[in-house]
Number of protein chains: 2
Amino acid sequence: MSPIKRVSKLAGVSPATVSRAFSDPSKLSAGTLEKVLRAATQLNYKPNSLAKAFRGKSTRSVLVMVPDLRNVIFAKVLAGVERIVAENDYFLLVMDTRDDIEIERAGLEMVQTNRADGVIQVGGRTLKEIMPDGDRTLVPFVHALDVVAPAKYPTVMIDNAAAAESMTSYLLALGHTRIGVLGGIRNRSVSQERIKGYRRAIEGYGLKYEDSATEHSAYSFAGGQRAALRLLSRHPDLTALFCLSDEIAIGAMRTALDRGLSLPDDLSVTGFDDTAFSKVCQPTLTTVVQPAERMGEIAMTMMVSLLRGETAAPNHQCLPTELVIRSSTRRHRTT
Amino acid sequence: MSPIKRVSKLAGVSPATVSRAFSDPSKLSAGTLEKVLRAATQLNYKPNSLAKAFRGKSTRSVLVMVPDLRNVIFAKVLAGVERIVAENDYFLLVMDTRDDIEIERAGLEMVQTNRADGVIQVGGRTLKEIMPDGDRTLVPFVHALDVVAPAKYPTVMIDNAAAAESMTSYLLALGHTRIGVLGGIRNRSVSQERIKGYRRAIEGYGLKYEDSATEHSAYSFAGGQRAALRLLSRHPDLTALFCLSDEIAIGAMRTALDRGLSLPDDLSVTGFDDTAFSKVCQPTLTTVVQPAERMGEIAMTMMVSLLRGETAAPNHQCLPTELVIRSSTRRHRTT
DNA sequence: GGGCATAATGAAACCGATTTCATAAAATTA
DNA sequence: TAATTTTATGAAATCGGTTTCATTATGCCC
């Protein structure tokens with residue numbers, strides 16, 4: 001016999017009444033409610049959440065896809081999402097996509113197979129890229145972080161090009177004219193967007209943009225370390241490095257230090273994200289504050305209202321960024 | 001009409017046959033299988049995973065509870081778990097418990113309410129602490145990382161005391177006799193365990209263990225930074241700092257640097273975990289390699305076999321650790 | 001070709017809740 | 001007090017699959 005029936009028998013009521021006792025107690029008379037609750041406690045009854053979800057057509061779970069769980073920036077967004085998930089009594093499903101489109105497809109499929117009500121994509125591909133054909137309106141989708149343009153679904157992003165431009169301008173204002181770029185993963189739109197901003201600043205300053213001043217790598221310490229090695233070997237004359245993430249920047253500083261350079265005297269380095277590292281590394285890192293956790297919160301908030309069907313037009317938010325000047329940058333010596 | 005019925009009608013077979021086509025195609029004749037598959041494609045049919053889980057009594061999802069998603073060490077374990085989850089076609093549910101016992105309880109409840117088949121606890125409390133009474137055998141439970149003693153359920157851990165002891169011995173061998181401790185969160189068993197190892201080394205060396213040489217803090221950069229400030233103000237004579245995590249150590253180095261100390265000449269600092277940052281910070285950090293990702297993989301592997309009912313006695317693994325000597329430590333100057 | 005094992009398929013029960021609709025009881029109003 | 005509305009409860013259908021059991025079709029062996 002099913003648990004709810006067992007409880008209903010012990011309490012001397014119908015299963016429907018037991019159901020109501022848990023989903024909407026106000027519908028029951030005080031006496032009945034008490035009887036049911038007593039019986040439930042006695043049998044240690046907990047409503048089967050899966051059965052409820054099945055019957056109710058809503059799983060109350062949301063899938064978050066991140067390209068790499070170990071990367072702090074994604075972890076921060078995830079933490080933001082998690083908070084709002086918990087606040088709204090949702091369940092959080094997580095997938096590490098390894099930036100693999102097949103895995104992203106499998107993620108979207110979880111909505112079609114009723115495992116999740118919606119998908120929050122953190123970085124990674126756009127919905128259109130994942131599902132070139134097929135009915136995209138069927139999957140409640142929110143895109144956060146590393147998004148470069150608003151779409152038909154809600155998005156939370158920052159203005160990457162503008163942030164990159166202002167950081168580059170800051171370096172230019174310090175007197176640097178030979179600024180290398182540690183450009184992250186080459187064909188990722190967020191990389192291109194930031195490089196676009198860099199270029200705007202360079203050209204706006206009357207300098208020529210040179211492709212060879214850019215070196216690409218993974219968004220990691222090791223990536224930055226290796227890319228910096230390549231770049232500094234090729235262009236020992238660079239006086240500043242504009243790096244597309246804090247990790248890349250810190251990896252680059254490691255390389256510079258290992259080459260005997262003194263920081264920031266011989267080389268100014270800037271990061272992007274303002275992860276916790278940047279406040280404690282040596283020298284502390286000048287970087288762009290990207291409100292990652294906040295973006296996660298907003299993404300999930302958007303998802304909640306999307307699932308409630310409250311959305312008229314897709315909501316797009318572009319959050320402000322901020323430059324924090326720390327000790328990894330200084331005025332170029334004009335000796 | 002339910003989707004499966006729609007498909008069965010179009011294919012001219014019974015729903016049972018459609019079900020078999022997806023769950024065990026070998027049971028069907030080639031002709032029938034083809035008919036069903038064709039109809040399914042035409043209707044874009046995907047079996048409702050929730051209905052399947054409901055009927056089948058297994059959700060194929062596992063809940064991972066971590067005390068803080070933003071902490072890299074937990075993120076690494078999570079990433080390890082995720083890999084094995086994906087390999088075995090499970091779904092990964094994640095909760096950030098904020099080290100809150102009520103949230104941990106809610107996590108366990110997800111098994112009782114059929115949301116998850118089992119729970120992997122990363123760090124945090126033991127099952128007994130979370131559920132002092134109640135039938136603990138009902139919740140398939142695996143405990144990973146920051147576990148200090150085997151239990152009635154599978155566990156993956158390292159020998160924290162031994163690792164701490166060998167790190168402390170290393171500092172002693174370098175000639176340090178005034179070694180401070182940045183001791184993490186005071187009443188957490190993993191902190192106590194590591195401090196126990198420190199004490200063993202100190203006393204084994206014939207020195208006296210002094211409580212005042214320990215300062216506690218959160219396992220974070222900021223925590224280490226502040227704790228180091230307190231400790232160094234109180235004990236300016238310390239020549240080495242044994243820190244219970246890389247983040248604490250790097251926070252401490254920041255403080256030391258800010259106080260004008262030169263590292264490692266004036267102060268040797270050691271970490272614990274070997275997170276990616278320790279390879280690139282300045283100076284690079286001497287630390288204990290804790291195979292966090294591997295622990296996550298093992299934990300999930302244990303969970304899989306637990307859920308398969310393969311486990312005779314609970315499996316316990318204690319993984320080896322390793323000291324990596326980098327540049328944050330050096331021989332004490334005896335001048 | 002008859003007898004028997006095996007393979008292929010369908011009918012119907014089932015998983016555990018929710019929800020609609022009907023009905024009985026209680027409360028309100030005239 | 002009768003009529004009417006409101007509240008409390010139960011019976012039964014339902015969500016979308018899986019699985020057991022029975023039945024029919026097929027293959028194999030002598």
Side-chain angles (χ1 to χ4, degrees), chain A residues 1-40 43-61 89 91 109-117, chain B residues 1-40 43-61 89 91 109-117:
Chain A
M1 192 171 25
S2 72
I4 197 172
K5 238 174 154 180
R6 229 193 307 279
V7 174
S8 74
K9 257 182 63 179
L10 179 59
V13 300
S14 74
T17 302
V18 177
S19 169
R20 287 189 268 256
F22 284 88
S23 54
D24 188 358
S26 75
K27 281 196 180 139
L28 263 48
S29 73
T32 319
L33 181 58
E34 226 229 86
K35 268 193 302 182
V36 173
L37 258 29
R38 193 196 315 283
L43 296 176
N44 190 27
Y45 170 76
K46 305 257 166 60
N48 182 328
S49 171
L50 211 57
K52 188 186 309 210
F54 168 52
R55 174 62 222 262
K57 299 271 147 222
S58 156
T59 65
R60 286 205 84 71
S61 27
D89 285 311
F91 299 102
E109 197 150 292
M110 288 175 62
V111 173
Q112 303 171 336
T113 59
N114 288 72
R115 269 290 163 174
D117 293 348
Chain B
M1 192 170 27
S2 71
I4 198 172
K5 236 172 155 180
R6 231 193 306 279
V7 174
S8 75
K9 259 182 62 179
L10 178 60
V13 299
S14 74
T17 302
V18 177
S19 168
R20 286 189 268 257
F22 284 89
S23 53
D24 187 358
S26 75
K27 283 197 179 137
L28 263 48
S29 74
T32 318
L33 182 59
E34 226 229 87
K35 270 193 302 184
V36 173
L37 259 28
R38 193 196 315 285
L43 295 176
N44 190 28
Y45 169 75
K46 304 258 167 61
N48 181 328
S49 171
L50 212 57
K52 187 185 309 211
F54 168 52
R55 175 61 223 258
K57 300 268 143 223
S58 156
T59 65
R60 287 206 83 73
S61 25
D89 285 310
F91 299 102
E109 198 149 290
M110 288 176 61
V111 173
Q112 304 171 336
T113 59
N114 289 71
R115 269 291 163 173
D117 293 348

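So you know, we letter chains A, B, ... as the sequences are listed, proteins then strands, and number each from 1.
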Counting only side-chain N and O atoms of [X], is one of them less than 4.0 Å from OP1 or OP2 of [N]?
{"X": "A:Ser49", "N": "C:dA17", "answer": "no"}
{"X": "B:Ser2", "N": "D:dG16", "answer": "no"}
{"X": "A:Lys52", "N": "D:dC15", "answer": "no"}
{"X": "A:Ser29", "N": "D:dT9", "answer": "yes"}
{"X": "B:Ser14", "N": "C:dA11", "answer": "no"}

Determine the contact category for [X]: base if any of its heavy atoms lies under 4.0 Å from a base atom, sugar-phosphate if only primed atoms, P, OP1 or OP2 are that close, otherwise nothing.
{"X": "B:Tyr45", "result": "sugar-phosphate"}
{"X": "B:Thr17", "result": "sugar-phosphate"}
{"X": "B:Val13", "result": "sugar-phosphate"}
{"X": "B:Leu50", "result": "nothing"}
{"X": "B:Lys57", "result": "sugar-phosphate"}

Requested in this report: Could you tell me whether the side chain of B:Arg20 has a donor or acceptor atom within less than 3.5 Å of a complementary atom in the base of C:dG10?
Outcome: yes
Report summary line: Ranking D:dA8, C:dA17, D:dT19 by distance to the side chain of A:Ser19, first place goes to C:dA17
Requested in this report: Looking only at side-chain atoms of A:Ile4, point me to the closest of C:dT18, D:dG17, D:dC15.
Outcome: C:dT18
Rounded interatomic separation in angstrom, taking [atom1] from [X] and [atom2] from [N]:
{"X": "B:Lys27", "N": "D:dT19", "atom1": "NZ", "atom2": "P", "result": "8 Å"}
{"X": "A:Arg55", "N": "C:dT18", "atom1": "CZ", "atom2": "C1'", "result": "5 Å"}
{"X": "A:Phe54", "N": "D:dT18", "atom1": "CZ", "atom2": "P", "result": "11 Å"}
{"X": "B:Leu28", "N": "C:dG10", "atom1": "CG", "atom2": "P", "result": "9 Å"}
{"X": "A:Lys5", "N": "C:dC15", "atom1": "NZ", "atom2": "P", "result": "9 Å"}
{"X": "A:Leu33", "N": "D:dA8", "atom1": "CG", "atom2": "P", "result": "11 Å"}
{"X": "B:Arg115", "N": "C:dA17", "atom1": "CZ", "atom2": "P", "result": "13 Å"}
{"X": "B:Glu34", "N": "C:dT9", "atom1": "CD", "atom2": "P", "result": "13 Å"}

[X] and [Y]: which non-hydrogen atoms are nearest, and at how many Å?
{"X": "B:Ala21", "Y": "B:Leu33", "answer": "CB-CD1, 3.9 Å"}
{"X": "B:Ser29", "Y": "B:Thr32", "answer": "OG-OG1, 2.7 Å"}
{"X": "B:Asp24", "Y": "B:Ser26", "answer": "OD1-OG, 2.8 Å"}
{"X": "A:Arg115", "Y": "A:Ser61", "answer": "O-OG, 3.3 Å"}

Report task. Assign each of B:Ala51 and B:Ala16 to its nearest nucleotide of DNA chain D by heavy atoms, then name whichever residue's nucleotide is nearer the 5' end. Result -> B:Ala51
**Report entry** A:Val7: which of A:Thr17, A:Val18, A:Val13, A:Asn44 passes side chain to side chain contact (heavy atoms under 4.5 Å, CB included)
**Finding:** A:Val18
Query raised in the report: Counting N and O atoms only, with roles assigned by atom type, does the side chain of A:Asp117 sit under 3.5 Å from a partner on the main chain of A:Ser58, one being a donor and the other an acceptor?
Result: no
Report summary line: Note: for A:Pro3 and B:Ala30 on DNA chain C, the residue whose nearest nucleotide lies more 5' is B:Ala30
